[in-house]
Amino acid sequence: LFAWINDREEVLLNASYSPVHERDHLAWFESVRRRPDIVIFAIRLLEGGALIGSCQLRNVDRRHASADLQIRIGARDARGKGYGTEAVRLLLLHAFRDLALERVQLHVFAGNERAIRAYEKAGFRKEGRLRNAAYIDGERRDVIVMGILRDDAGVA
């Protein structure tokens with residue numbers, strides 16, 4: 001996880017880049033593990049158990065039955081093989097079935113077509129566009145809001 005958060009090219013797909021020191025990363029991870037509004041999972045290969053990414057539900061709101069989804073396939077050689085799609089599918093099952101959520105949403109940069117296609121494949125729909133909402137690497141970027149409802153996912 002530490003190496004991935006310092007991979008400039010990878011980070012710029014989702015956020016501004018700033019190098020992270022190991023002690024700061026460890027402190028962040030410990031704080032995340034203690035927060036009741038975050039559920040985080042490792043993404044590992046079934047064969048061999050190699051860590052290839054992480055996914056999480058953030059801002060889990062029990063009153064409104066909603067959460068924000070984030071995913072990262074950090075292992076470059078694991079991208080484009082359907083692991084992210086499968087991880088999102090399983091995370092949505094957990095969100096809708098186990099946590100009894102009604103809605104999951106996410107934000108993605110407008111130019112990240114690979115991610116947008118993957119989210120649409122998982123059942124997310126584009127719901128809006130936040131114009132010039134992010135300032136990344138010296139340029140303004142639009143952010144696409146995508147969401148999926150329990151009914152969209154076919155979870156009873």
- Ala78 and Tyr83 have their tightest heavy-atom pair at O-CD1, 3.2 Å
- Query: At what distance, to the nearest 0.5 angstrom, does CD1 of Ile148 lie from CG of Leu92?
  - Reply: 5.0 Å
- Looking at side-chain heavy atoms only, is the closest gap between Ile43 and Leu51 below 4.5 Å? no
- Message: Do Leu149 and Phe124 sit in one hydrophobic cluster, given that two such residues count as connected whenever their side-chain heavy atoms are within less than 4.5 Å of each other, even indirectly?
- Response: no
- Message: For Gly84 versus Ile71, what's the shortest heavy-atom pair and its separation?
- Response: O-CD1, 3.6 Å
- Task: Please round to the nearest 0.5 Å and tell me the distance separating atom CG of Asn112 and atom NE2 of His107.
- Result: 14.5 Å
- Item | Test item: Arg150 side-chain N/O and Glu102 main-chain N/O as donor-acceptor pair under 3.5 Å | no
- Task: Apply the test side-chain contact (heavy atoms from CB on, under 4.5 Å) to residues Phe109 and Ile136: give CA-CA distance (whole Å), side-chain angles for both, the deciding distance (0.1 Å), then the verdict.
- Result: CA-CA 10 Å; Phe109 290 145; Ile136 305 297; 3.4 Å; yes
- Task: Measure the shortest side-chain to side-chain distance between Asn59 and Arg35 over non-hydrogen atoms and say whether it is less than 4.5 angstrom.
- Result: yes
- Query: Which heavy-atom pair separates Ala133 from Val143 by the least distance, and what is that distance?
  - Reply: CB-CG2, 3.8 Å
- What is the minimum heavy-atom distance between Ile116 and Ala110, and which atoms define it? CD1-O, 3.6 Å
- Query: Checking side-chain contact (heavy atoms from CB on, under 4.5 Å) for the pair Ile144/Tyr119: CA distance, chi angles, key distance, verdict?
  - Reply: CA-CA 11 Å; Ile144 304 295; Tyr119 295 136; over 6 Å; no
- Query: Between Arg63 and Asp61, is there a salt bridge with N-O shorter than 4.0 Å?
  - Reply: no
- Please test Ser66 against Leu101 for side-chain contact (heavy atoms from CB on, under 4.5 Å), starting from the C-alpha separation and ending with a verdict. CA-CA 5 Å; Ser66 66; Leu101 299 182; 5.9 Å; no
- Under 4.0 Å between a Lys/Arg side-chain N and an Asp/Glu carboxylate O for Glu120 and Arg117? no
- How long is the span from the CD atom in Gln105 to the CG atom in Asp68, to the nearest 0.5 Å? 4.5 Å
- Message: Return the SG to CZ distance between Cys55 and Arg89, rounded to the nearest 0.5 Å.
- Response: 12.0 Å
- Pairwise side-chain contact, Ile38 with Val60, heavy-atom cut-off 4.5 Å (strictly under): no
- Message: Taking the basic N atoms (NZ, or NE/NH1/NH2) and the acidic carboxylate oxygens, is any pair closer than 4.0 Å for Arg103 and Glu127?
- Response: yes
- Message: Please evaluate residues Arg58 and Asp37 with respect to the criterion salt bridge (Lys or Arg N to Asp or Glu O under 4.0 Å), reporting the C-alpha separation (whole Å), side-chain torsions for both, the decisive distance (0.1 Å), and the verdict.
- Response: CA-CA 6 Å; Arg58 300 178 55 80; Asp37 66 328; over 6 Å; no
- Item | Atom pair CG (Leu99) and NE2 (His94), whose distance is rounded to the nearest 0.5 Å | 4.0 Å
- Message: Hydrophobic clustering (ILVMFWY, side-chain heavy atoms < 4.5 Å, transitive) - are Ile40 and Leu26 grouped together?
- Response: no
- Task: Could you tell me whether Arg141 and Glu139 have a side-chain N and a carboxylate O separated by less than 4.0 Å?
- Result: yes
- Message: If you count every heavy atom of other residues, nucleotides or ligands that lies below 6.0 Å from Arg140 atom CZ, does the total exceed 12?
- Response: yes
- Query: At what distance, to the nearest 0.5 angstrom, does CG of Leu57 lie from CG of Leu91?
  - Reply: 4.0 Å
- Between Arg129 and Asp142, does a salt bridge (Lys or Arg N to Asp or Glu O under 4.0 Å) hold up when you go through it step by step? CA-CA 7 Å; Arg129 183 182 203 99; Asp142 290 358; 2.7 Å; yes
- Note on the structure: Ala100 and Ala65 have their tightest heavy-atom pair at O-CB, 3.9 Å
